[in-house]
Amino acid sequence: MDRKDCIFCRIADRDIPSPLLYDDEYVCAFRDLNPKAPTHILIIPKKHVASLAELEEEDFELVARIARVAKQLAEEEGIAEKGYRLLSNCRADAGQEVPHLHFHLLGGRRLSDIC
Ligand code: DGP
């Protein structure tokens with residue numbers, strides 16, 4: 001996919017302005033447009049990978065990087081102690097809307113529902 005056709009590539013490329021809570025060579029993070037919890041952050045790889053199902057062997061390191069960023073952001077957001085959820089919806093049955101791999105970091109309330 002052309003990066004111009006992917007909304008999250010465009011955010012990562014700073015083509016669409018969205019305040020970044022975290023930014024390095026491989027990963028960035030920004031707040032979800034439709035937050036489902038007091039803290040709702042999306043963490044993405046800058047490389048275009050459509051979903052978990054499209055990860056190639058050389059991409060798995062990106063997932064570890066994202067887990068590290070999630071831990072850091074949870075501490076910064078003050079949700080680490082009480083708890084939080086990190087999840088990625090993969091393809092249609094999971095309700096994936098944006099076809100660029102992303103992890104939702106959710107917290108700040110009791111997360112009793114599925115996601
Ligand atoms: P998912 O269903 O897992 O594909 O979730 C996609 C999320 O992305 C959804 O919660 C709304 C959010 N989202 C969609 N477009 C944008 C956008 O342009 N900016 C931001 N910040 N979030 C977006």
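In this text, all values refer to a predicted model and were calculated from it rather than measured experimentally. Hydrogens, waters and symmetry mates are skipped; everything else that's a heavy atom, side chains included, is used.
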Qualifying residues under side-chain contact (heavy atoms from CB on, under 4.5 Å), relative to [X], sequence neighbours excluded:
X	result
Ala37	Leu106, Arg109, Leu111
Glu58	Lys47, Glu56
Asp23	Leu20, Cys28, Lys46

Problem set entry | Which residues share a side-chain hydrogen bond (donor to acceptor under 3.5 Å, both in side chains) with Thr39, sequence neighbours left out |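 So Thr39 forms a side-chain hydrogen bond (donor to acceptor under 3.5 Å, both in side chains) with Glu77.
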
Exercise. What residues, two or more places apart in sequence or in another chain, satisfy side-chain hydrogen bond (donor to acceptor under 3.5 Å, both in side chains) together with Gln72?
Worked result: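 With neighbours one apart ignored, the set is Glu76.
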
Problem set entry | Within residues 41-71 or reaching into it, pairs that qualify as ring pair (Phe, Tyr, Trp, His ring centres under 6.0 Å) - sequence neighbours excluded |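 Of all non-adjacent pairs touching residues 41-71, those that pass ring pair (Phe, Tyr, Trp, His ring centres under 6.0 Å) are His48-His100.
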
Problem set entry | Residue pairs involving residues 69-88 (criterion ring pair (Phe, Tyr, Trp, His ring centres under 6.0 Å); sequence neighbours excluded) |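 Those involving residues 69-88 do not exist here.
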
Exercise. For residues 91-105, which residue pairs qualify under salt bridge (charged side-chain N to carboxylate O under 4.0 Å, His left out), counting only residues two or more places apart or in two chains?
Worked result: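 Output for this query lists Glu54-Arg91.
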
Exercise. Which pairs count as salt bridge (charged side-chain N to carboxylate O under 4.0 Å, His left out) when at least one residue sits in residues 3-13, sequence neighbours excluded?
Worked result: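 For residues 3-13: Arg3-Asp13, Lys4-Asp15, Arg10-Asp15.
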
Problem set entry | Spacing of OH belonging to Tyr22 relative to CD1 belonging to Ile66, to within rounding of 0.5 Å |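 If we round to the nearest 0.5 Å, Tyr22:OH and Ile66:CD1 are 10.5 Å apart.
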
Problem set entry | Distance, nearest 0.5 Å, that separates CD1 of Ile11 from CG of Leu42 |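 Those atoms lie 8.0 Å apart.
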
Problem set entry | Those residues that, when tested against His102, pass ring-ring contact (aromatic ring centres under 6.0 Å, His included) (two or more places apart) |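 Listed in chain order: Phe8, His104.
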
For this session: List for me each residue that meets salt bridge (charged side-chain N to carboxylate O under 4.0 Å, His left out) alongside Arg68, sequence neighbours excluded, and say none if there are none.
Result: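 Checked Arg68 against salt bridge (charged side-chain N to carboxylate O under 4.0 Å, His left out); zero matches.
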
Exercise. By salt bridge (charged side-chain N to carboxylate O under 4.0 Å, His left out), which residues pair with Arg65, not counting sequence neighbours?
Worked result: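 Listed in chain order: Glu61.
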
